[in-house]
There are 2 protein chains.
Amino acid sequence: MPPPENDVPFTPHESLGYALKRAQQALRLHMDRRLKAFGLTAPQYNVLCSLEAEPGASNAQLARRAFVTPQTMQSMLVKLERAALIERTPDSDHGRIQRTQLSRSGRETLSKAHQAVQETERLAQAAASPDAMKMLLRVAEALS
Amino acid sequence: MPPPENDVPFTPHESLGYALKRAQQALRLHMDRRLKAFGLTAPQYNVLCSLEAEPGASNAQLARRAFVTPQTMQSMLVKLERAALIERTPDSDHGRIQRTQLSRSGRETLSKAHQAVQETERLAQAAASPDAMKMLLRVAEALS
DNA sequence: ACATTAATATCAGGGGACTGATATAATATA
DNA sequence: TATATTATATCAGTCCCCTGATATTAATGT
C-alpha cells in the first residue's frame, strides 16, 4: 500500500506573491504600451525621471535610487545613451565617476512621456485601497 | 529671464507603480534565495506547482495559468526538461500538443521546495493588509 | 470536400533583472 | 608611506519577460 499523501499541493495561484506579480506585470505592460510611441520602456522612463530630479547623477546613485544593481543600471544607461536621450561625461575631479545628464532630446521626450503615463497611475490608484502604497512598501521592507 | 517651470517633475518614487515594483522585486528575491539550494528560481517553482496540480498540462495551458506568453513558458520548459525536473511527450492522439509531467526528481525537488518557500509567503502576509490579495487582483484587472 | 480560421509549438531577438568577476580611483588604516 | 578597504564602473553570462514570425495541426464554415 502506498504511503498517504502528506504534501499539501501548495497552490501559488492563491498566494499573495502571485497577486503581487500579476498586478506588477499588468502595470508594467500598461505603461509600456503607453510609452511605446516615444520609444521608451517603463524602467527607462523611471531613469529619465530620476535624472530630471537629480541632474548629473552617477551610475551608482541612479542604481541605488531605482533599487537595482549597478550592473543593471549600467546596461540601461548604455542603451539610453545610444538612443541619445542622455549624455555621460567623466566627473571633472573624480577620476572614476561618470556624470549623467538628460540631453535636449531626452528632456523633450520625457515631457511628453509624463502625460502618457499619468493615466496608468490614475487607473491603478482608483482600483487600489488608500493605504496600498504604504502597505506595499511595508511588504518590501519585511522581505528585504 | 528663463521661462517658468511648467512641467511638474513627476516623481515615480512616490507612485503606486513603484511601490508595487519594489514589493514584487523583494518577494521574488526572497523566494529566489530560499530556492537557490534546490537549483530553482521562483518562476520555475511556480511552474512545477502548476504541474503538480495539473499533471500532463500542455505548454499553452501552463502559459495561460501563469499569465505569461507561450514563448516564455516554452523557454522555461526547455530549461526544466534539460534539468530533468520534467518530462515532455507528444500527446497520443493530438499531433501538436506536448504533454508535460513532473519527473521523479522533479517531484522530490518540489516537495522540499514547498517548505523552503512557506516562510516567504508567511512574512509577506504578516506585513500585508488582510484584503491585499483581493485588492492587487483588482488592480491587475483594471490595468489589463 | 475545401478553404479559412484558430490553436499549438517553437525560433529569433531585445529589455531588464540578477550573480560573478575585474579594473581603477578614492579613502582609511597600519 | 604603504597597504588595505571601499566605491565606482563595467564585462560576461543567465533567467524571465516581451514582441514578431513561422510551421503545423485541429476545428470551423461554406
Side-chain angles (χ1 to χ4, degrees), chain A residues 17-18 21-22 24-36 39-48 56-83 85 88-100 144, chain B residues 18 21-36 39-48 56-83 85 88-100 144:
Chain A
Y18 217 80
K21 181 194 171 187
R22 282 192 58 192
Q24 206 271 321
Q25 197 174 3
L27 191 138
R28 162 75 196 268
L29 279 175
H30 198 269
M31 267 184 84
D32 278 352
R33 276 193 287 268
R34 263 156 190 70
L35 289 170
K36 194 173 184 183
L40 284 181
T41 65
Q44 286 172 346
Y45 168 75
N46 285 326
V47 172
L48 296 189
S58 69
N59 176 25
Q61 284 173 321
L62 291 168
R64 282 190 293 263
R65 185 181 259 264
F67 294 92
V68 298
T69 62
Q71 296 95 317
T72 295
M73 187 53 68
Q74 165 71 8
S75 91
M76 292 184 67
L77 291 182
V78 167
K79 285 178 194 107
L80 288 171
E81 188 176 27
R82 234 176 267 160
L85 295 169
R88 309 181 79 194
T89 51
D91 186 290
S92 47
D93 57 80
H94 190 299
R96 200 100 180 99
I97 294 179
Q98 293 281 328
R99 299 267 165 220
T100 303
S144 63
Chain B
Y18 217 79
K21 181 195 172 185
R22 283 194 56 191
Q24 207 271 320
Q25 197 174 1
L27 191 139
R28 162 76 196 268
L29 278 176
H30 199 268
M31 266 183 85
D32 277 352
R33 278 194 285 268
R34 263 156 192 72
L35 289 171
K36 194 173 185 183
L40 284 181
T41 64
Q44 286 172 345
Y45 168 75
N46 285 327
V47 172
L48 297 188
S58 69
N59 175 25
Q61 284 173 320
L62 291 168
R64 282 190 293 264
R65 184 181 261 262
F67 293 93
V68 297
T69 61
Q71 296 96 315
T72 294
M73 186 54 66
Q74 164 71 8
S75 91
M76 293 184 65
L77 292 181
V78 166
K79 285 174 195 109
L80 289 171
E81 187 177 28
R82 236 176 265 159
L85 295 169
R88 309 180 79 194
T89 50
D91 187 291
S92 47
D93 56 82
H94 189 300
R96 198 99 181 99
I97 294 178
Q98 292 281 328
R99 299 268 166 218
T100 303
S144 62

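This is a predicted model, so every value here is computed, not measured. Here is how names work: the chains are called A, B, and so on, in the same order as the sequence lines, proteins then strands, and each is numbered from 1.
- Counting any heavy atom pair closer than 4.0 Å across all strands shown, A:D93 reaches sugar-phosphate atoms only and no base atom.
- Closest contact between the side chain of A:Q71 and the listed nucleotides C:dT19, D:dC18, D:dC15 involves C:dT19.
- Residue B:K36 has no polar side-chain atom (N or O) positioned under 4.0 Å from OP1 or OP2 of C:dC18.
- The phosphate of C:dG16 has neither OP1 nor OP2 within less than 4.0 Å of any side-chain N or O from A:S75.
- When distances are taken from the side chain of B:Q74 to each of C:dT10, C:dA25, C:dT8, the shortest belongs to C:dT10.
- Counting heavy atoms from C-beta outward, A:T100 and A:L80 have side chains that stay 4.5 Å or more apart.
- Side-chain contact check for A:N59 versus A:R88: some heavy-atom pair is nearer than 4.5 Å.
- Listed nucleotides: C:dA17, D:dC18, D:dA9. Nearest to the side chain of A:V68: C:dA17.
- Look at CG on A:N59: it is 17 Å from P on C:dA25, rounded to the nearest Å.
- For the OP1/OP2 pair of C:dC18 and a distance below 4.0 Å, the side-chain nitrogens and oxygens of A:T72 include at least one atom meeting the criterion.
- Among the protein residues, A:P70 comes within range of the nucleic acid bases, having at least one heavy atom under 4.0 Å from a base atom.
- Listed pair A:R64 / D:dT8 meets the phosphate criterion, a side-chain N or O lying under 4.0 Å from OP1 or OP2.
- The phosphate of D:dC18 (OP1 or OP2) has a side-chain N or O of B:T69 nearer than 4.0 angstrom.
- Atom CE of B:M73 and atom P of C:dT8 are 14 Å apart (whole Å).
- Residue B:Q25 places at least one side-chain N or O under 4.0 Å from the OP1 or OP2 atom of C:dC18.
- Summarising the geometry, atom CD belonging to B:Q61 is positioned 6.0 Å from atom CZ belonging to B:R64; distances are rounded to the nearest 0.5 Å.
- Contact annotation: B:R82 side-chain N/O to D:dC15 OP1/OP2 distance is not under 4.0 Å.
- In this structure, the separation between CD on A:Q98 and CG on A:L62 is 12.0 Å, given to the nearest 0.5 Å.
- At the heavy-atom level, B:R33 lies nowhere under 4.0 Å from the strands shown.
- Ranked by how close their nearest DNA chain D nucleotide is to the 5' end, A:K21 and A:Q61 are led by A:Q61.
- Closest to the side chain of B:Q98, from the set D:dT10, C:dA9, C:dA12, is C:dA9.
- Going from atom CG of B:L62 over to atom P of C:dA9 covers 9 Å, rounded to whole Å.
- The CG-P distance, from A:D91 to C:dA25, rounds to 13 Å in whole Å.
- Nearest to the side chain of B:H94, among C:dA17, D:dA26, D:dA9, sits D:dA26.
- You'll find that the side chain of A:R96 is closest to C:dA25, out of C:dA25, C:dG16, C:dC18.
- One can place CG of A:L80 at 12 Å from C1' of C:dG16, the figure rounded to the nearest angstrom.
- B:Q25 places a side-chain N or O within 3.5 Å of a backbone atom of A:F67 that can act as its donor or acceptor partner.
- In this structure, the side chains of A:T41 and A:R28 come closer than 4.5 Å at one or more pairs of heavy atoms.
- Applying the 4.0 Å criterion to OP1 and OP2 of D:dT14, one finds that B:K79 has every side-chain N and O outside that range.
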